[in-house]
Amino acid sequence: MNTFGQRKNIMNSKLNKEDIKIFRGSAGAVQDWQTPEEILAMMDCNFEVEVRPYIDHLGNKHDKYNFWHRSDRQDVSSVLGMFGSRVPIQPIDHIKTFQYFIDQCPKEISMDVFGSFDHGKSIYMASKLTDNNGKLYAGEDIGMGISSPSSPNYIPKEQRTDQWLVVTDTYGKVGAPTINLLSVECICTNGMSRRMNQYTRKLHHRGAFDSDLVIDILSETLREAHCYATMKDKMISTPISNDVAMNVIKKFSPDKYDPETKEKKRNNKRQSLTKIFEETLIGAEQNDRQNNLWKVMNTFTQYHSHACLHSTNREKALMSNLNGIRSKEISLVRHELEGLLTLA
């Protein structure tokens with residue numbers, strides 16, 4: 001399996017070494033010349049999903065349930081999941097559909113990453129929408145300007161945000177394909193994801209991208225990216241006291257008590273969040289993270305993107321940051337801090 005760390009041609013794409021930290025070895029850099037089969041093979045996902053009836057230990061067939069298997073394996077590792085009437089979208093069809101999205105898109109984007117979780121039980125494709133991509137901005141070539149100090153659109157690297165369009169699907173549990181915008185701070189690779197539910201539902205209903213859906217998704221993605229930038233600017237300009245910051249941290253790390261002794265348990269999450277806020281926040285020396293709401297927001301994104309990870313759960317953590325518990329908590333924290341904006 002080829003991953004970022006093994007692929008020498010990563011620097012020939014839009015990707016850089018910081019991107020490796022986002023996807024944590026579960027993905028590979030996609031090149032323009034690769035065929036769908038080569039993209040899948042890169043992450044050991046060049047298989048078809050075979051639907052087989054559920055037969056119990058007595059030999060009885062149950063028509064309401066089917067097992068999904070990888071076509072390239074014959075042992076127990078071939079099992080992906082068990083479902084009812086759901087019909088799988090084949091991995092190669094996902095690649096072709098995403099490539100169709102790229103071809104139909106009125107802006108210059110590409111498929112930059114393909115990845116998988118849990119031995120192919122979930123797959124995802126990602127397009128990096130930023131990093132000097134000026135053609136993303138209608139009628140304005142400002143993308144290239146962000147890295148040129150002489151440009152009025154210059155943004156120092158430590159203050160930049162990369163935006164990723166990510167499409168995921170799962171063969172291991174119930175769930176339709178999802179579409180997310182993943183916003184990543186370049187200085188620390190802290191990530192914040194927003195699931196675009198209305199377009200996820202349309203994609204599930206239609207089963208493929210058409211031209212109208214492509215335009216709608218990209219337009220919504222760029223709108224959400226703009227909203228993120230506006231939110232970031234407002235949080236940077238809104239000061240916060242340590243007491244208020246600690247109240248937010250306490251709210252999202254409530255105390256737990258032993259059911260028998262009624263004694264308060266050690267609050268590891270609160271300790272980690274407090275240490276990040278007070279000592280170890282990446283980029284804490286930057287002016288945009290000085291005792292403001294943005295510093296609190298990045299305390300939580302750093303905790304979920306980096307601090308509470310272990311070597312055994314890195315893939316699950318990325319999926320959770322996209323569509324799981326981690327993503328939900330970051331959204332709740334963002335909502336809490338946006339409420340403080342109205343009080344400032």
Side-chain angles (χ1 to χ4, degrees), residues 16-25 155-162 182-193 228-229 231-258 263-322 324-341 343-344:
N16 54 51
K17 61 182 181 180
E18 283 78 22
D19 298 326
I20 302 174
K21 299 176 184 178
I22 302 171
F23 299 103
R24 304 186 184 95
I155 302 174
K157 185 175 182 180
E158 63 272 12
Q159 296 178 13
R160 295 180 202 167
T161 305
D162 276 338
L182 179 63
S183 304
V184 180
E185 292 303 306
C186 295
I187 191 173
C188 55
T189 64
N190 293 342
M192 186 185 305
S193 175
Y228 177 93
M231 175 272 299
K232 176 180 175 179
D233 289 342
K234 289 182 178 179
M235 287 190 179
I236 290 173
S237 62
T238 304
I240 188 173
S241 68
N242 277 357
D243 288 342
V244 175
M246 290 310 303
N247 286 338
V248 175
I249 289 175
K250 289 177 180 177
K251 181 173 181 176
F252 290 95
S253 57
D255 288 319
K256 297 181 181 180
Y257 296 84
D258 188 289
E263 293 182 357
K264 186 186 297 185
K265 293 183 178 181
R266 180 178 177 179
N267 198 323
N268 292 327
K269 180 179 180 181
R270 185 179 298 171
Q271 289 180 359
S272 295
L273 287 167
T274 301
K275 185 174 182 179
I276 293 171
F277 181 78
E278 294 180 344
E279 302 176 25
T280 62
L281 181 67
I282 302 172
E285 73 283 357
Q286 300 298 321
N287 291 332
D288 61 359
R289 301 185 183 201
Q290 300 295 320
N291 299 320
N292 53 21
L293 292 183
W294 189 234
K295 180 179 180 180
V296 181
M297 187 74 252
N298 276 274
T299 296
F300 281 91
T301 54
Q302 180 171 318
Y303 174 78
H304 284 296
S305 297
H306 302 291
C308 60
L309 299 183
H310 305 285
S311 59
T312 57
N313 77 343
R314 288 180 176 272
E315 291 187 356
K316 292 181 179 178
L318 176 56
M319 183 62 83
S320 183
N321 276 332
L322 287 172
I325 294 175
R326 297 168 191 254
S327 175
K328 291 179 181 178
E329 175 160 302
I330 291 174
S331 294
L332 290 172
V333 172
R334 174 176 174 175
H335 180 74
E336 179 78 12
L337 297 179
E338 286 178 331
L340 295 178
L341 284 174
L343 300 176

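Bear in mind that the values here come from a model prediction, so they are computed numbers and not experimental data.
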Colleague: Please round to the nearest 0.5 Å and tell me the distance separating atom NZ of Lys256 and atom CG of Asp258.
Modeller: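 If we round to the nearest 0.5 Å, Lys256:NZ and Asp258:CG are 12.5 Å apart.
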Colleague: Partners of Lys269 by side chain to side chain donor-acceptor pair (under 3.5 Å), sequence neighbours excluded?
Modeller: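 Partners of Lys269 under the side chain to side chain donor-acceptor pair (under 3.5 Å) test: Glu329.
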Colleague: Using every non-hydrogen atom in the two residues, find where Phe277 and Ile249 come nearest and quote the distance to one decimal.
Modeller: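 Where Phe277 meets Ile249 most closely, the heavy atoms are CB-CD1, 4.1 Å.
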Colleague: If only atom types and distance count, is the side chain of Arg289 paired as donor or acceptor with the main-chain N or O of Ile282 below 3.5 Å?
Modeller: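 Yes; judged by distance alone, with no hydrogens or angles, the pair exists.
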Colleague: Measure across Ile240 and Val296 and return the closest heavy-atom pair with its distance rounded to 0.1 Å.
Modeller: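 Heavy atoms only, the tightest pair is CD1-CG2, 4.0 Å.
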Colleague: Of all the heavy-atom pairs spanning Asn292 and Ile236, show the shortest one and how long it is.
Modeller: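 So the minimum-distance heavy-atom pair works out to ND2-O, 3.0 Å.
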Colleague: Can you tell me how far apart CH2 (Trp294) and CG (Asn287) are? Round to the nearest 0.5 Å.
Modeller: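 Those atoms lie 15.0 Å apart.
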Colleague: So, Lys232 and Asp288, do they make that salt bridge, N to O below 4.0 Å?
Modeller: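 Asp288 and Lys232: not salt-bridged.
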Colleague: Just by distance, do the side chain of Glu338 and the backbone of Met231 share a donor-acceptor pair under 3.5 Å?
Modeller: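 No, Glu338 side chain to Met231 backbone: no donor-acceptor pair under 3.5 Å.
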Colleague: What residues form a side chain to side chain donor-acceptor pair (under 3.5 Å) with Asn242, not counting sequence neighbours?
Modeller: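 So Asn242 forms no side chain to side chain donor-acceptor pair (under 3.5 Å) with any residue.
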Colleague: Can you list every pair that meets salt bridge (charged side-chain N to carboxylate O under 4.0 Å, His left out) and has a residue in residues 242-251, with sequence neighbours left out?
Modeller: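 Every salt bridge (charged side-chain N to carboxylate O under 4.0 Å, His left out) pair that includes a residue of residues 242-251, provided the two are not neighbours, is Lys251-Glu336.
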Colleague: Measuring from atom CD1 of Ile330 to atom CD1 of Ile325, what distance do you get when rounded to the nearest 0.5 angstrom?
Modeller: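 Reported to 0.5 Å precision, the distance equals 12.5 Å.
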Colleague: Taking all heavy atoms of Thr299 and all of Leu281, pick out the closest pair and write down the distance.
Modeller: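 Heavy atoms only, the tightest pair is N-CD1, 4.0 Å.
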Colleague: Once rounded to the nearest 0.5 Å, what's the spacing between atom CG of Leu341 and atom CE of Met235?
Modeller: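 That separation rounds to 5.5 Å.
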Colleague: Please report the interatomic distance CG(Asp233) to OG1(Thr238), rounded to the nearest 0.5 Å.
Modeller: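 These two atoms lie 10.5 Å from each other.
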Colleague: Just wondering, do Thr280 and Gln302 contact through their side chains at under 4.5 Å, heavy atoms?
Modeller: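 With C-beta onward as the side chain, the pair touches.
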Colleague: Looking at every non-hydrogen atom in both residues, tell me the closest pair between Gln290 and Gln286 and how far apart they are.
Modeller: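 It is NE2-O, 2.9 Å.
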Colleague: Is the closest side-chain heavy-atom distance between Leu337 and Leu340 below 4.5 Å?
Modeller: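 A side-chain contact exists here, since the closest heavy-atom pair is under 4.5 Å.
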Colleague: Please give me the minimum heavy-atom distance between Pro254 and Asn267, naming the atom from each residue.
Modeller: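 So the two residues come closest at O-ND2, 3.4 Å.
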